[in-house]
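Have a look at the structure below, then the notes.
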Amino acid sequence: MANKEHLMQLQKGVSSWNFWRSQEYRTQIDLIEANLAYSEVSKADFSGADLSLANLGGANLIGANLREANLTLANLSGANLSLATFQDVTLCMTNLSGTNLSLANLSAVNLSLANLSGANLSGAVLRNANLMGVNLSGADLTNADLSDANLSGANLNGANLSNASLCETELSGAILSGANLTKANLSGSVLRKTDFNGSRLKEADLRHTDLHAAKLDGALLENVKR
């Protein structure tokens, strides 16, 4: 359970919270299981905080500092996380469905088994991120950078990956059925047993890829680079 004193400090407002944090910078913030649904906490300093199992559904977290925060199993569905700081944050098994993460920098972040279905990740940077088993069905990943990320076993059913960079990306066993990969750069990626059934790969770059046992039934492969 969350520390009552820490909850009381947060309830005083973001300005008061951030000032308190600057004075008590050595305090380990405990907001475990805190109910912060629909909270107005934009630009709040949650660096290093333990927010595991917390409910932040629908919260306004624009510009929030989440550096080194633990959000394992937290609920962030429908939250606005644009311009938030994610350096060294843990988002393993976190519910991020329908969240706004456009232009977010999630490089090297652990998002394994997270739920990002329907999330807005347009222009987001996910280089070297751990996305094993993540649910990205229906997500908007247009112009996103997923280079060197691990997406093995991920669900990208119906996702929009047009113009996305997936260079050297691990996609073994991933589901991309019905996905839009128009002009996506998949050069050097591992696509073993990847499901592309019914996907759009028009003008996609598939040079130097490993397509062993990949499923391409019904895929649009017009002007593909191979």
Side-chain angles (χ1 to χ4, degrees), residues 67 81 84-94 96 99 101-117 119-226:
R67 183 178 180 180
L81 289 151
T85 302
F86 293 99
Q87 187 177 355
D88 298 319
V89 70
T90 301
L91 292 161
C92 183
M93 295 182 284
T94 303
L96 291 151
T99 55
L101 287 156
S102 59
L103 303 175
N105 187 350
L106 292 155
S107 298
V109 168
N110 182 4
L111 282 151
S112 58
L113 300 175
N115 180 6
L116 283 150
S117 59
N120 180 3
L121 287 149
S122 57
V125 180
L126 292 139
R127 294 179 66 91
N128 297 301
N130 181 358
L131 295 156
M132 289 182 65
V134 72
N135 182 1
L136 281 158
S137 58
D140 183 358
L141 288 149
T142 54
N143 299 303
D145 185 357
L146 293 142
S147 303
D148 297 303
N150 187 349
L151 281 151
S152 56
N155 179 4
L156 290 134
N157 182 40
N160 189 349
L161 290 141
S162 58
N163 292 300
S165 176
L166 294 144
C167 300
E168 307 290 338
T169 301
E170 173 64 65
L171 283 155
S172 296
I175 301 171
L176 286 135
S177 56
N180 183 0
L181 290 143
T182 302
K183 296 184 178 180
N185 187 351
L186 290 142
S187 59
S189 57
V190 180
L191 307 170
R192 297 173 69 88
K193 296 183 179 180
T194 305
D195 185 356
F196 288 104
N197 287 340
S199 63
R200 294 175 58 85
L201 286 154
K202 184 178 180 181
E203 299 182 52
D205 191 343
L206 292 172
R207 289 176 293 185
H208 310 298
T209 55
D210 181 355
L211 282 159
H212 179 74
K215 301 175 183 177
L216 292 158
D217 296 338
L220 178 63
L221 297 164
E222 185 179 341
N223 297 323
V224 166
K225 298 176 184 178
R226 297 188 70 173

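Position 1 is the first residue of the sequence, and the numbers go up from there. Note that this is a predicted model, so its numbers are computed, not measured.
By the side chain to side chain contact (heavy atoms under 4.5 Å, CB included) test, Asp140 pairs with Asn120, Ser122, Thr142, Asn160, sequence neighbours left out. Residues passing the side chain to side chain contact (heavy atoms under 4.5 Å, CB included) test with Leu211, sequence neighbours excluded: Leu191, Phe196, Thr209, Ala214, Arg226. By the salt bridge (charged side-chain N to carboxylate O under 4.0 Å, His left out) test, Arg192 pairs with Asp210, sequence neighbours left out. Applying the side chain to side chain contact (heavy atoms under 4.5 Å, CB included) test to Asn185 and every residue at least two apart in sequence or in another chain returns Cys167, Ser187, Asp205.
Pairs of residues two or more places apart, or lying in two chains, that qualify as salt bridge (Lys or Arg N to Asp or Glu O under 4.0 Å) and include a residue from residues 123-132 are Arg127-Asp145, Arg127-Asp148. Applying the salt bridge (Lys or Arg N to Asp or Glu O under 4.0 Å) definition to pairs two or more places apart or across chains, none involves residues 162-183.
Here the closest non-hydrogen pair linking Thr194 and Leu171 is OG1-O, 2.7 Å. For the residue pair Ala184 and Leu166, the shortest heavy atom distance occurs at CB-CD1, 4.5 Å. Between Leu106 and Phe86, the closest heavy-atom pair is CD2-CG, 3.5 Å. Summarising the geometry of Ser199 relative to Leu176, their closest heavy-atom pair is CB-O, 3.4 Å, with the distance given to 0.1 Å. Contact detail for Leu151 and Ala174: the closest heavy-atom pair is O-CB, 3.7 Å.
Note that the OG atom of Ser137 and the CG atom of Asn115 stand 7.0 Å from one another [nearest 0.5 Å]. Distance check: Asn155 CG to Asn135 CG gives 5.0 Å after rounding to the nearest 0.5 Å. Atom CG of Leu113 sits about 8.5 Å away from atom CG of Asn110, to the nearest 0.5 Å. Considering SG of Cys92 and CE of Met132, their distance stands at 10.5 Å, rounded to 0.5 Å. Residue Leu136 holds its CG atom at 8.0 Å from CG of Leu146, rounded to the nearest 0.5 Å. Here the CG atom belonging to Leu141 is positioned 12.0 Å from the CG atom belonging to Asn163, to the nearest 0.5 angstrom.
Of the residues Leu216, Asn180, Thr182, the one that meets the side chain to side chain contact (heavy atoms under 4.5 Å, CB included) test with Leu201 is Leu216.
Looking only at atom types and distance, the side chain of Asn197 has a donor-acceptor partner in the side chain of Asp195 under 3.5 Å away.
Proximity of Leu186 to Thr169: side-chain heavy atoms (C-beta onward) are nowhere separated by under 4.5 Å.
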